Amino acid sequence: MSFPLLTATAVLPAVGAIATAAVPAKQRTAAKWLALLFSLATLVVAAVVAVRFEPSGARYQLTESHSWIRDFGVRYELGVDGIGVALIALTALLIPFVILAGWNDADPLETGNTRWRPTQGFFALILLVEAMVIISFEATDVFVFYIFFEAMLIPMYFLIGGFGDRAGPHGEKEAATQRSYAAVKFLLYNLVGGLIMLAAVIGLYVVAGSFSLSEIAAARANGSLDMATSTERWLFLGFFFAFAVKAPLWPLHTWLPNAMGEATAPVAVLITAVVDKVGTFAMLRFCLQLFPEASKWATPVILVLALISIVYGALLAVGQRDIKRLVAYASISHFGFIILGIFAMTSQGQSGATLYMVNHGISTAALMLVAGFLISRRGSRLIADYGGVQKVAPVLAGTFLIGGLATLSLPGLAPFVSEFLVLVGTFSRYPVIGIIATIGIVLAALYTLVLYQRTMTGPVKPSNEGIADLKARELTVVVPLIAVLIFLGVYPKPLTELVNPAVKHTMSDVHKKDPKPEVEAAHK
């Protein structure tokens, strides 16, 4: 029996969460180092998974299958394709930086009365989220996926509500109220989506007699599964609704700005760069694979919603006064591009969407974490409170600029490749939608450059004269992320070779081929 690598990638951070939570209360530094070591060990195992994976091999590799709840036909089934491997690698890569960036975020603080923030709990919850996200990328049993898709909401709820940003514009009492509101809103939105999905999961089992992706695919292939058109459409809507909430797709997006605004910067990165990717990943793995005809039926409406997300999110980012909420609305716009690429039903669009998931995670992490370092120094999230920072903290300003340029998809940085592929893939099948989507690029340049200009350039405001430049721990967080952005911007081949075979399988699931370019004959 081969070593269960996929299980190990999820078990390691779960064990790390338990071990970190068990560290005595006064040994906070030991808890931090323990959490960091477990996250690095998970990264090593994820790297082994990536090395062992053969892009040209079987669709799902490193598979594991064991009977779990026999009476209900539930099996513990795991397997990864190229898309899953890429997102597991993204998650494992980002968590150590999230831990390092949040090194002091859960330490005790004074607010008139001493209130102890449970440091061990903070880092244990981060590792727990990592474990649940990773197994969600690996699950090939629908019921197993659903369990962890929902379970990750619990640690995220406590991370948002219990460890909020100390630099909010409110007093401590009102800030606590805002954190609670954001956490409850996050939980309710996602729980409603999850409950609707649960009904669809049960319906799928009634129709197909199995939760296993491989068994359902085999039943479709041999003709033993004949799903009625109306049934397939209702089941698709149940799954897609839950994924659209998580993604987040307009108009189900309103929980995200509240959650990212009130969370600490590392937790905000955890939300948008890691957890939300489960929604877009699941659209590819479950919606298109399980319900191919319904996916094509819903495509026109989904493309319009994605287009609205792109333009709406970018417009609201332009008008934001809060740095973190600006990044949140920018992320809504970027998720619109990802969903646009998925449902353009072209290989370029879906490859671009997958790359976008990875590259958006890295670029948003770089920008948000540097913004968090800036906010922790000044004690304010308001853009108007800054100005001239590049004169007193040039390294901080420079890394902030690179993160911003990646967000607007500057050529030479990783997100450019993804956005270009999404737009090319969309334009080849839906030229009007592709043209309108380019508005998001223009608006991204506007909100990014205006943000940099207002915070970093101009005369130094008196309140900003004491802002210190990045320290060694902070540089350890930011520099590798920027290096990855540049490397994948110049040489995206490792990622494209990894995901392209999986995209071909997905295109085959929905019985779609790339449209042939229309070339007018030179001679008639």
Side-chain angles (χ1 to χ4, degrees), residues 5-18 20 35 38-47 49-50 62 76 78-81 83-99 102 122-142 144-160 186-187 190-191 193-194 197 242-243 245-248 256 259-260 263 266-286 331 335 338 354 357-358 360-362 364-365 368:
L5 272 175
L6 299 187
T7 295
T9 57
V11 167
L12 261 176
V15 172
I18 296 170
T20 302
F38 269 99
S39 70
L40 291 172
T42 305
L43 177 58
V44 170
V45 178
V49 169
L62 306 175
Y76 176 76
L78 305 181
V80 286
D81 58 4
I83 299 170
V85 170
L87 292 174
I88 290 168
L90 170 69
T91 304
L93 175 68
L94 289 182
I95 296 300
F97 297 123
V98 167
I99 290 172
F122 178 75
F123 293 102
L125 289 170
I126 291 174
L127 289 174
L128 195 57
V129 171
E130 179 182 22
M132 293 177 176
V133 168
I134 286 176
I135 206 166
S136 297
F137 292 141
E138 298 171 345
T140 55
D141 183 280
V142 177
V144 172
F145 170 83
Y146 173 77
I147 289 173
F148 292 99
F149 180 80
E150 287 293 275
M152 70 180 70
L153 301 180
I154 299 170
M156 286 305 308
Y157 168 80
F158 288 110
L159 283 170
I160 296 168
F186 162 83
L187 188 64
N190 284 276
L191 275 180
M197 180 183 169
F243 303 153
V245 172
K246 186 86 78 180
L256 183 66
M260 288 184 65
V267 173
V269 169
L270 198 62
I271 295 169
T272 191
V274 176
V275 171
D276 287 354
K277 298 300 187 300
V278 178
T280 46
F281 165 80
M283 291 179 188
L284 280 165
R285 172 164 285 190
F286 296 102
S331 291
F335 274 102
I338 294 171
T354 304
M357 291 186 226
V358 176
H360 169 263
I362 299 169
T364 299
M368 178 60 84

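Please read all numbers here as calculations on a predicted model, not as lab measurements.
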* Asked: Which pairs pass side chain to side chain donor-acceptor pair (under 3.5 Å) with one or both residues in residues 267-281, sequence neighbours excluded?
  -> T272-S331, K277-H360

* To do: Could you tell me whether Y76 atom OH has more than 12 heavy atoms of other residues or ligands within 6.0 Å of it?
  => yes

* Please test V85 against L62 for side-chain contact (heavy atoms from CB on, under 4.5 Å), starting from the C-alpha separation and ending with a verdict. => CA-CA 11 Å; V85 170; L62 306 175; over 6 Å; no

* Checking side-chain contact (heavy atoms from CB on, under 4.5 Å) for the pair I126/F122: CA distance, chi angles, key distance, verdict? -> CA-CA 7 Å; I126 291 174; F122 178 75; 3.7 Å; yes

* Please confirm whether the backbone N or O of A17 pairs with a side-chain atom of T20, one donor and one acceptor, at under 3.5 Å? => no

* Provide the closest heavy-atom pair for A131 versus A14 in the form atom of the first, atom of the second, distance. => CB-N, 3.8 Å

* **T7 side, atom OG1; I135 side, atom CD1 - distance, nearest 0.5 Å** => 6.5 Å

* With a 4.5 Å heavy-atom cut-off, do I271 and I160 have their side chains touching? -> yes

* To do: For the pair E150 and N190, evaluate side-chain contact (heavy atoms from CB on, under 4.5 Å) and give the outcome as yes or no after the intermediate values.
  => CA-CA 8 Å; E150 287 293 275; N190 284 276; 5.5 Å; no

* List the atom of A10, the atom of I134, and the distance in Å for their closest heavy-atom pair. => N-CG2, 4.3 Å

* Picking from V80, T91, L6, what satisfies side chain to side chain contact (heavy atoms under 4.5 Å, CB included) with F137? -> T91

* Structure fact -> In terms of heavy-atom contacts, A139 and L78 come closest through CA-CD2, 3.9 Å

* **F149, F335, Y146 screened by ring pair (Phe, Tyr, Trp, His ring centres under 6.0 Å) with F243, the one that passes** => F149

* To do: For the residue pair L159 and F186, establish whether any side-chain heavy-atom pair is separated by less than 4.5 Å.
  => no

* I99 versus F123: any side-chain heavy-atom pair under 4.5 Å? -> yes

* A268 versus M368, closest heavy-atom pair with distance -> CB-CE, 4.0 Å

* To do: Just do the side-chain contact (heavy atoms from CB on, under 4.5 Å) check on V278 and F145 with the steps written out, would you?
  => CA-CA 10 Å; V278 178; F145 170 83; 4.0 Å; yes

* Asked: Can you find a heavy atom in the side chain of L87 that is under 4.5 Å from one in the side chain of M357?
  -> yes

* Is the closest side-chain heavy-atom distance between I95 and L270 below 4.5 Å? -> yes

* **Nearest heavy atoms of I88 and A46, plus distance in Å** => CG2-CB, 4.1 Å

* Taking the side chain as C-beta and beyond, is there a heavy-atom pair between K246 and M152 under 4.5 Å? -> yes

* To do: Report yes if the side chains of L127 and E130 come closer than 4.5 Å at any heavy-atom pair, otherwise no.
  => yes

* Name all residues meeting the salt bridge (charged side-chain N to carboxylate O under 4.0 Å, His left out) criterion together with D81; count only those two or more places apart in sequence or in a different chain, and write none if there are none. => R285

